[in-house]
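Worksheet: the structure to be examined is printed underneath.
Keep in mind that the numbers below use all heavy atoms, side chains included, and drop hydrogens, waters and symmetry copies.
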Amino acid sequence: MTAIEHISKQDIRCQRCKEESAILKARGEYHCKECYLRLVRGKQRKQMSSEKYKINYKKSTLGQLEKVLLAFSGGISSLVLLDVLGNLLLEQQQTHIGLQGFEIVVVNIDEKELSSLDKEVMSILPELLTRFKPVKISFKTVSLDSYVDLNSLKEIRIENDFTSLANAVDAQSCTFIDLLSRCPNKSSVEDLLTIVFEKLLLQAAYDEGCGTIVLGHSMTRIANEIIALTVKGRGSSIHRLISNRTENYNDKDIDIIYPLRDLLFAEIDEYAVLSDLKKYEVYSKVVKSRVSKNLTIRDLVSNYFTNLDVTGYSSTASTVMKIGQKLGSPESKPNTNCKVCGVEIYQDPKGWLKMITVNEPALIETEEERNYLEMYLSSVEHNPNRSFNGENIDLCYGCITTLNGVRGEDFVWPIEPELNLKYREASNEANKKQVLNEFVLTDTEDD
């Protein structure tokens with residue numbers, strides 16, 4: 001049975017309100033439109049049931065409301081999350097004479113150039129925000145170049161014995177896309193982007209004074225992450241990255257919540273259709289390859305879950321997520337932290353990698369083999385015999401796997417960068433600027 005079944009008959013009553021005709025069947029029950037929307041919104045409220053998100057007259061009058069950062073990509077899940085939270089604040093204002101339980105700061109990390117998006121995320125804002133009037137919602141777009149700290153750039157190399165070395169580089173200018181261009185494959189780019197997005201969102205939450213970050217991950221997406229993290233060698237991080245949790249960033253505790261984690265993507269997508277949100281969707285114009293080897297790990301796993309839903313096995317995502325939730329952190333104390341992703345390292349990954357891999361070539365025995373070796377060395381950009389003197393840095397298993405095999409003589413990446421967020425300026429078009437000002441959007445000029 002698929003996650004959502006549409007009903008064509010008019011004589012089936014909604015099992016919730018008992019009044020309206022049902023339009024779909026979800027989770028074994030028949031729902032009318034309004035009851036289905038309430039079902040989805042109820043899942044969000046369950047995840048955000050803490051008192052700090054509810055009406056508090058004292059905090060409201062003193063202007064001390066909890067600030068919630070909503071990570072917004074313009075995709076279906078983030079659109080639905082914004083709609084659900086916006087309607088919750090609208091309901092609170094209508095019920096409590098203009099008061100609300102928390103404030104929303106929408107933060108978009110600008111991927112337009114990187115992902116060839118069909119439109120600017122900022123272009124969908126004016127019309128989208130009118131749905132929640134008079135609720136005031138702040139919006140900022142963060143440049144990916146914010147992650148490029150020239151003082152922290154290092155040339156990184158993984159030796160044959162998996163020792164990680166780094167040299168400081170004298171870079172006058174460099175863009176984030178320049179750094180990504182030397183990644184060995186699409187999965188490495190995807191892995192590094194996940195790290196960057198997490199750090200930029202934490203920094204944005206810190207700068208904006210937000211005590212909570214909400215992400216629109218569905219149950220399907222979380223199950224996808226569990227399998228993808230395992231394949232990428234980041235199994236030790238699963239327990240942390242898929243759960244509602246508290247992160248300490250710059251000595252500030254920030255809650256990270258997945259309000260839609262109890263919903264399958266198909267259920268979220270149906271909400272978007274019923275709420276007329278599809279027209280706002282921002283998507284990549286890049287056509288994904290049908291050849292598996294040209295897809296990223298996340299793409300492959302996503303296709304797997306999509307096929308399961310079509311064939312009636314959508315509940316598999318729930319099973320995977322429940323198994324992932326049973327995982328915990330290692331019992332031993334961490335030895336150090338990875339310099340690229342910051343994850344705690346409990347055991348030196350070099351020992352494990354040496355045990356399961358063979359990286360030393362066989363001895364050269366004939367002149368013909370020597371000639372072939374010289375031909376090979378002259379044909380590749382990276383010469384394994386080139387001396388590389390650098391300081392040892394600690395990398396986790398996942399980052400060694402991601403960075404191993406980078407193209408060219410060097411791979412340059414920020415090591416524990418000092419983040420100074422750069423915000424993209426709003427459009428100068430008069431009509432858009434007028435609407436943006438009407439909704440009291442935050443200043444998006446560069447710091």
query = So which of Lys199, Lys154, Lys339 actually passes salt bridge (Lys or Arg N to Asp or Glu O under 4.0 Å) with Glu416?
reply =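 Single salt bridge (Lys or Arg N to Asp or Glu O under 4.0 Å) partner of Glu416 among Lys199, Lys154, Lys339: Lys339.
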
Would [X] and [Y] pass as an ion pair if we require N to O under 4.0 Å?
X      : Y      : answer
Lys186 : Asp299 : no
Glu127 : Lys133 : no
Glu344 : Lys333 : no
Glu20  : Arg13  : no
Lys43  : Glu267 : no

Quick one: does [X]'s side chain have a donor or acceptor within less than 3.5 Å of a partner on [Y]'s backbone?
X      : Y      : value
Asp149 : Glu418 : yes
Ser115 : Leu117 : no
Asp110 : Ser143 : no

query = Say you draw a straight line from CD1 of Ile254 to CG of Leu202; how long is it, rounded to the nearest 0.5 Å?
reply =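 That separation rounds to 5.5 Å.
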
request  = First locate atom CG of Asn224, then atom CZ of Phe305, and finally report the distance between them rounded to the nearest 0.5 Å.
outcome  =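 Reported to 0.5 Å precision, the distance equals 6.5 Å.
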
request  = Could you note down all residue pairs passing ring pair (Phe, Tyr, Trp, His ring centres under 6.0 Å) where residues 235-267 supplies at least one of them, sequence neighbours left out?
outcome  =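 Ring pair (Phe, Tyr, Trp, His ring centres under 6.0 Å) check on residues 235-267 returns His217-Tyr258.
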
ask   = Are Gln203 and Asp207 linked by a side-chain donor-acceptor pair shorter than 3.5 Å?
value =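 Their side chains do contain a donor-acceptor pair, which is all the 3.5 Å distance test asks for.
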
ask   = Hey, mind stepping through Arg245 and Glu247 against salt bridge (Lys or Arg N to Asp or Glu O under 4.0 Å) and telling me if it holds?
value = CA-CA 7 Å; Arg245 63 191 187 275; Glu247 295 278 353; 2.8 Å; yes

